[in-house]
Visitor: 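Quick one: the structure is below, and I'll ask about it shortly.
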Amino acid sequence: MSFQITLTLNGTAREIALDDTRVTLLDLLRERLEMPGTKKGCDRGQCGACTVLVDGRRINSCLTLAATLDGAEVTTIEGLARGDALHPVQQAFIDNDGLQCGYCTPGQIMSAVGLIAEGTAGDDPERIREGMSGNICRCAAYHGITLAVRQAARQMDNDPKGDAA
Amino acid sequence: MPDTLTRFGSNSGQPTTRRDGIAKVTGQATFAADNHPEGMLHAVYVPAGIARGRVAHLEVEAARAHPGVTHVITPGNRPDLPGDPDAKPTRFSFRIEVLQDDTVRYAGQPIALVLAETLEAATEGARLLAPRYEAEPPRTGLDDNAPFAVEEPGFGAPGDTVHGDPEAGHAAAATSIDATYDTPPQYHNAMESHAVVAQWDGDRLTLDTPSQALAMSCAAYAHLFGIEAADITLRSPYLGGGFGSKAIPNGPMVLAILAAREAGRPVKLSLTRRQMFGPVGHRGATRQRLRLGCDADGRLTVIDHETLAATSTFETFLESASNASQGLYASSAIRSAHQGVRLDVGTPGPMRAPGEASGSAALECAMDELAQAAGIDPLEFRLRNYAETEPGTGKPYSSKALRECYARGAEAFGWADRPARPGTMRSTDGKLVGWGMGTAFFPSPMFAAEARATLRADGSATLETGGADMGQGAWTALAQIAADGIGLPLDRVELRSGLSTLPDGGVAGGSGHTATAGGALHSAGGDVVRQLSELASGQPDSPLFGAGNATFEARGGRLQIAGDDGRGDAFADILARAGLSELTGSGSASRPDADSRDYAMNSHGAVFAEVAVDPDLGQIRVRRLVGAFAAGRIVNPRLAESQLMGGMIWGLSFALHEAAVHDPRSGRILNADLAEYRVPVNADVQGLEVITVEEDDPHVNALGIKGVGEIGITGTVGAIANAVWHATGTRVRRFPIGLADLLAAE
Amino acid sequence: MKPFDFVQPRSARDAVAQWGPDAAYLGGGTNLVDLMKTGALQPARVIDVTRLPGLDRIEVAADGAVRIGALVRNADLARDADFAVRAPMVAEALLAGASGQLRNAATLGGNLMQHTRCPYFMEPDAACNRRAPGTGCDAIGGAWDNAAILGHAPSCIATNPSDLCVPLAALDAVVEVEGPDGARDIALEELHRLPGDAPERETTLAPGELIVALRLPAEAAAFAGHARYLKVRERTSYAFALVSAAAAMRLEGGRIAEARLALGAVAAKPWRARTAEKMLAGQPPGPDLFARAAEAALAGAAPAEGNGWKIDLARRTAARALAAAAAGTPERMPALPASPFSLSEDLSHA
């Protein structure tokens, strides 16, 4: 079954022709659009490595059929920085060493951006831990991740548009 | 200037942020499966759905007929593999499963491979093979087969060791315990599953695949494919976690490479999460019996540690858990012994702190039980049995700041306020609270590595070694060491690594990579500095002319007479005078045999844990972990702290979370996923504190580095288990400790 | 994954018309797509109902009843202030489920239709009467220790894993469906079936019927001041329940005027404990009463597969949820929703 969808991908409108309804957003990005920044950890919504924003909300791209996304706005890790200026969450992950091997990191960062936008965790470490629990880090950089999200949340609270980046 | 700076340079010791940080936070760091060469096919293999028996039938035609499928490879049509997959081309090799025949030896074993134009087609093609089996009853538990004697657990570790007279030790004991602890099968589950993108060009092979041991992997692939190792280019710039599972080539990778040769096109294979449970190693199950005794003063008269450990039906690797009791506590007698049991499981392998993690879990619980029985505080009990020299051998330690670890950890934690009786502490919200501790211990081995240094006319340098960054921070820490070796600021040094065509960077394992690869890089830089010294002292225009007999030191891109800041010369000027565009040096590192003979070399630490247990429901949460570690020289405190914390959370996971569960009928692992194989999530980790106790170790290696990759697990498992006991009064001797264990005990 | 046709109908009627025996309705995909990947479900046609108009609204009627469209995402329902104030334990249950990402995708309708987490159901190699009628049940005699303790049968020992359904059952929620034979209402308590001798019939929906909305009656809001969801699990977050309980009560003059209690992860359906509710009514709240009610809630429980500990745990969980409800609904959603480690924080009437 062939079909076509339109996506706004990291700010750019894309017409995407697909010949297979089985393609997930994750595999679309990684295997067909040469955007491998989004990672596959479990392919079953059990780890969060594939987290992207769809219409501004964090979701697991591995469980999202590409066919369902016609008209959607998708933001991936490749679309977060503005040129060389890192997003506050990206900078906070470096500052707080919220990563080790880096494989879950794109998902962690997209999840953190989504969590901060949800506005329910604030800078409370316990709420951040709960809010980030959909992203497994086997290196277990959780301490740094929590500090990074808190730093970014505070910074973005002062500068909601992220212009400081 | 502090002594350490003259000895090591000023880049080491700095809490530099990760040099690969920007690449990793922007999604630009390229992991193996991110590669997508033109014309690539996708490979998906079929994992065996039984653990023992044979494959009776595969629906090959159905798979072949699926649109997009190009190849279906089964034992019947598998292309020839020039090398024997049962042979051991390197010291660290296992028999691998590459469709030799239709025998199934464990669930998850590859039994066929499908290639297709798309991942979706390959996945469905593999499903359509719908295997039918002739199954035999699987043996997946430690009681399911007869034990056998083990001479060398792990990779050639001692199987049975006796110091002193254990029987006399038992007889002399005023207080004794006899306890048996069970540890389950655990699977590495690096977030990046094993993956390879293989491309052939005639007999030349290019591989994008994560590797903790690039040269060793190439040697194994060369053996299997009948080509020269030099004809293989293995690219492994980043590993998405390794934990021991990505050091040794495994069957699925080999099959994908073979398929690429057969197809004449590049092939990508990336394991599914489910497939991570089987052919790529795990920590095998153990049952450990510890019989400990102490005299009336609380001094150990005997440590008697027996391990029954699982391995596969076709290999021998098993957990050398009892050896954890050999080097840590002073005791008049120490006996460690191992037995194996063959099960229908994939071959276990090294998994973060192999042997030590399981062994320490049991030993630290047993020490706690004996301390309790003897009426002595657990920390005081360990101090009374502090080993000033290595137990049994009497060798001196190259360094050992364990006493300081105990003191500083206990102080930070507040251990002095711990009530002796269990079940007496409550939090304000009514939870049972318990405190426990354990000693952390891990050997400090070295492997062999080589490196190359190139200093350019502009005063910048490139340092090269085929090392591996699996998250520990090699890109950063090795660069810091390299910069010190060649006497340049960090930003003037480019590190090239993660590529098999570079000098052999050795094995990233055993907590020895920074010392080994770092040692080689430091030495290569030193070679350049030595050549610069020779050049400069022979250059009439150099301020260093004629200083050939002086001791030189290199710092900040300048060569100078040691202790004389006024007399020096810039690297760039020396090269310019010599008319050289670059200067190349080489170096290597390994441990001289004499050093191993004369000293016991280990990292040490003390871990303190506070847990809260719901008094009605038994749900457990670790509220605080404090670890104090002495691991020689810390190259980068920021990264070392992260790695130690990660290790401690692995300990938390061992104590409370992870275990693979086998279905008794099929032998399949029921929870081969990340929902039910429960590694910790962020909310499982609350207070976490790491203290590093500096050690200046002149013996362990030239850089004084002991390694921090694995020690965090040891000590932590016992500390948490002991804290659960202290909270509840219930001693659970089976890991992971779950709420059902606590409910059952009431 | 088996190839499938993909359609995006623009009306519920059209969706139902496109349905066939090999078809599946797709909401957020968090359960269906996963099970298509494992091979447990192999629809030939996927009907994406997320484009159906008007089903993404939360409407509060004048009498206080709430109607929630089937396409409302879990996260949006949980964070809807008007809803959360009326049904706080539903919000708490929603936020105790899965992860932030999954809650953003999962729909109300999809959540109600969530399949069991029994690994023998999810794994197509295993015998499972629920997935493949007549093949047997490998869970019996297997190694899954989170099986049912209530209402199970020799055919099937699966549990319903939904958090959301537990408080909904307690609050007498009603499901609105449209199907080939028109629209009808089903009490949520009647939506899921116990296995009996037909475990493959997981719900009472007729073939082709589609959930379009859920109604929470006006009376539900009367429990808002004393309502808690408690979820016991082996990880602090992002784990399915071993046992959960939704408890709510109306207190009048120091006595329980009316109580609600339902248990989760103990049976193939959310388990409403009406006998226990009757015992509670008219009594002053207290630990002894809650223990007796919990005992009554587990009457008839039997271990399915070496999981007798779950019976004890369920009893304790029910008693604790009742105690927490009696203590009062927190003013603010706890940091760890439904966790035993959040029970005493932020209490409005501690």
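Lettering of chains follows the sequences in order, A, B, ..., and the numbering in each one begins at 1.
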Visitor: Top residue by heavy-atom pair count (under 4.5 Å) with chain C, among A:E126, A:M132, A:R44?
Guide: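 Among A:E126, A:M132, A:R44, the one with the most close pairs to chain C is A:R44.
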
Visitor: So how far is it from C:Q101 CD to A:L63 CG, rounded to the nearest 0.5 Å?
Guide: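 So the gap between those two atoms works out to 10.5 Å.
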
Visitor: Are the side chain of C:Y238 and the backbone N or O of A:E130 linked by a donor-acceptor pair below 3.5 Å?
Guide: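 Not at all, since once roles are kept as given, no pair shorter than 3.5 Å links the two residues.
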
Visitor: What part of A:T120 gets within 4.5 angstrom of chain C, counting heavy atoms only: side chain, backbone, both, or neither?
Guide: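 Answer is both: backbone and side chain atoms of A:T120 are under 4.5 Å from chain C.
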
Visitor: For A:N60 and C:S99, work out which heavy atoms get closest and say how close.
Guide: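 The pair with the smallest heavy-atom distance is OD1-OG, 4.4 Å.
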
Visitor: Which atoms of A:C50 come close to chain C, meaning under 4.5 Å heavy atom to heavy atom: side chain ones, backbone ones, both, or neither?
Guide: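 No part of A:C50 comes within 4.5 Å of chain C.
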
Visitor: Between A:V54, A:L65, A:I128, A:L115, which has the largest tally of heavy atom pairs under 4.5 Å with chain C?
Guide: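 Going by pairs under 4.5 Å, I would pick A:L65.
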
Visitor: Could you go step by step and tell me if C:R51 and A:D70 meet the side-chain contact (heavy atoms from CB on, under 4.5 Å) rule?
Guide: CA-CA 11 Å; C:R51 305 287 169 125; A:D70 188 33; 4.2 Å; yes

Visitor: Should A:T24 and C:K37 count as side-chain neighbours, where that means a heavy-atom distance under 4.5 Å?
Guide: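 Answer yes - side chains close enough.
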
Visitor: At a 4.5 Å cut-off on heavy atoms, which part of C:S339 comes close to chain A: side chain, backbone, both, or neither?
Guide: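 It is neither, since no heavy atom gets under 4.5 Å.
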
Visitor: Nearest 0.5 Å please: distance from the CZ atom of C:R73 over to the CZ atom of A:R57.
Guide: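 If we round to the nearest 0.5 Å, C:R73:CZ and A:R57:CZ are 7.0 Å apart.
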
Visitor: Got a second to check how far A:D20's CG is from C:F6's CZ, nearest 0.5 Å?
Guide: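 Spacing of CG (A:D20) from CZ (C:F6) equals 12.5 Å.
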
Visitor: What closest approach, in Å, do C:M1 and A:R22 show between heavy atoms, and which atom pair accounts for it?
Guide: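 Answer, listing the atom of C:M1 first, then A:R22: O-NH1, 2.8 Å.
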
Visitor: Between C:L32 and chain A, with a heavy-atom cut-off of 4.5 Å, which part of the residue counts as in contact: side chain, backbone, both or neither?
Guide: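 Neither the backbone nor the side chain of C:L32 comes within 4.5 Å of chain A.
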
Visitor: Just wondering, are more than 12 heavy atoms of other shown residues or ligands nearer than 6.0 Å to CD in A:Q4?
Guide: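 Buried by this count: over 12 neighbours within 6.0 Å.
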
Visitor: So, A:E118 versus C:N104: side-chain donor-acceptor pair below 3.5 Å or not?
Guide: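 Their side chains do contain a donor-acceptor pair, which is all the 3.5 Å distance test asks for.
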
Visitor: Hey, are the side chains of A:T21 and C:D5 touching, using non-hydrogen atoms and a 4.5 Å cut-off?
Guide: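 Side chain of A:T21 against side chain of C:D5, heavy atoms only: no contact under 4.5 Å found.
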
Visitor: Taking all atoms of both residues into account, what is the closest heavy-atom pair of A:I59 and C:A105, and its distance?
Guide: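 Looks like CG2-CB, 4.3 Å.
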
Visitor: I'd like to know which of A:G114, A:A67, A:G131 tops the heavy-atom pair count under 4.5 Å against chain C.
Guide: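 Option with the greatest count: A:A67.
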
